[in-house]
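My questions will all concern the structure given below.
Numbers restart at 1 for each chain; the letters A, B, ... are given by sequence-line order, proteins then strands.
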Amino acid sequence: MTVEDQLRALIERHCLTIRNGVVEIGRALAGRAQPGEARRAGPADAVTRAEALAHQLKGGSGSIGFVEVSAAATALDDHLKALLAGDDAEIGSQAERTRDLFARLQRAAAAMRPESSTLFRADLSGFGGTG
Amino acid sequence: MARNVKRITYVEDDPDIRAVAQLALEEVGGFVLNMCDSGRAAIDTAPDFGPDVVLLDVMMPGMDGIQTFDALRKLPALRDALFVFVTAKAQSHEIDEFMALGADDVIPKPFNAITLADEVRAIWERARPGSKE
């Protein structure tokens, strides 16, 4: 298996990781208990959980070349971080903005294909390990 | 004569990031890699591996990157290693905080898999001027 083949297999696998991550963020934002959790999360708990997931998605998707997903996750992550610096009232007043940013992330994930990754057609043949 | 950069310990809990970093550093960059999925695994394996550079994720469950950094740099076998955080927590004030803790550098996440190996070499050159690969 060539490096390019390994990279494409990883990219295809990561598409599923992204889709699952977006579903988890939606679940967190809705304040629904995660599988295995006994109780429904409060507003700050929900935002904390969603922010951690958006942060993870930002780094993972971007490093695997999904620029649009990473940008959308970054915008949501930044917004949720700002909310966490405030209080529960602010979380409520910013709900529409939160929904908009999450919708942007959902659209980016829905439009994503393995070929969307900037690494999908990367030519690695010119690189040589001399390190 | 200064040491060459050849061996890298990378600590990262996300399996897909580990996979792309492994391709970037081993296959593209030609480094010898000690890939660890947790801080605990790094503490257990890095002393025998003897890395020139330790790359550390920050947000990890259990022992986070900063705790791992504190533990690793106390190990005599790693006293000459460079420590670099690879993190999405890379706003300027966050980078300043990592550097104040004693990190040698910070690589923002998301990283570019095509240029990651070159970034590591550039960090090595800045920290160990005059050394060759």
Side-chain angles (χ1 to χ4, degrees), chain A residues 1-21 48-49 51-78 80-82 114 117-131, chain B residues 4-8 10 12-33 51-53 55 57-61 64-65 85-91 93-94 107-125 131-133:
Chain A
M1 200 177 195
T2 66
V3 178
E4 285 81 3
D5 289 339
Q6 293 176 62
L7 192 51
R8 287 185 182 190
L10 169 61
I11 288 166
E12 287 174 12
R13 191 170 72 235
H14 195 69
C15 286
L16 183 60
T17 303
I18 288 172
R19 292 197 180 97
N20 289 341
T48 299
R49 166 86 178 144
E51 190 279 325
L53 291 165
H55 183 87
Q56 188 177 16
L57 192 60
K58 157 188 161 181
S61 60
S63 298
I64 298 171
F66 291 105
V67 176
E68 295 297 327
V69 173
S70 183
T74 300
L76 181 60
D77 181 30
D78 290 346
L80 296 177
K81 272 198 183 83
S117 167
T118 56
L119 298 177
F120 191 79
R121 291 187 176 78
D123 178 8
L124 305 178
S125 58
F127 295 87
T130 57
Chain B
N4 300 332
V5 55
K6 179 76 178 171
R7 303 172 72 79
I8 296 176
Y10 194 139
E12 166 66 59
D13 66 306
D14 185 313
D16 285 354
I17 294 181
R18 284 203 304 276
V20 74
Q22 185 153 8
L23 290 174
L25 295 170
E26 268 186 352
E27 303 291 343
V28 177
F31 293 108
V32 179
L33 198 58
D52 302 310
V53 176
L55 301 176
D57 182 24
V58 173
M59 291 181 68
M60 295 187 287
D64 67 19
F85 285 107
V86 184
T87 177
K89 294 170 74 71
Q91 294 179 10
H93 73 276
E94 292 169 322
I107 295 176
K109 221 194 260 176
F111 56 72
N112 183 333
I114 303 297
T115 59
L116 181 62
D118 288 340
E119 281 189 70
V120 172
R121 290 193 180 98
I123 288 168
W124 178 266
E125 276 296 312
S131 62
K132 298 279 184 188
E133 283 181 48

Which donor-acceptor pairs under 3.5 Å do side chains of residues 64-72 of chain A form with protein atoms, sequence neighbours excluded?
from, atom 1, to, atom 2, distance (Å)
A:Ser70, OG, A:Lys58, O, 2.9

* Can you see which heavy atom on A:Ala122 is nearest to which on B:Ile114, and at what distance? => CB-CD1, 3.8 Å
* To do: Answer with side chain, backbone, both or neither: which region of B:Ala19 has an atom nearer than 4.5 Å to a non-hydrogen atom of chain A?
  =>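 Interface part for B:Ala19: both.
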* State, to 0.1 Å, how close A:Gly59 and B:Pro110 come at their nearest heavy-atom pair, and which atoms those are. => O-CB, 3.8 Å
* **Side-chain (A:Ser63) to main-chain (B:Phe111) donor-acceptor, under 3.5 angstrom** =>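 Answer holds: yes.
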* Which of these passes side-chain contact (heavy atoms from CB on, under 4.5 Å) with B:Asp16: A:Ile11, A:Thr17, A:Ile18? ->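 Only one option passes, and that is A:Thr17.
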* Side chains of A:His55 and B:Lys89 in contact at under 4.5 Å (non-hydrogen atoms) ->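 A side-chain contact under 4.5 Å exists here.
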* Structure fact -> salt bridge (Lys or Arg N to Asp or Glu O under 4.0 Å) filter on B:Lys109, not counting sequence neighbours, yields B:Glu12, B:Asp57
* If you round to the nearest 0.5 Å, how far is CG of A:Leu119 from CG of B:Leu23? -> 9.5 Å
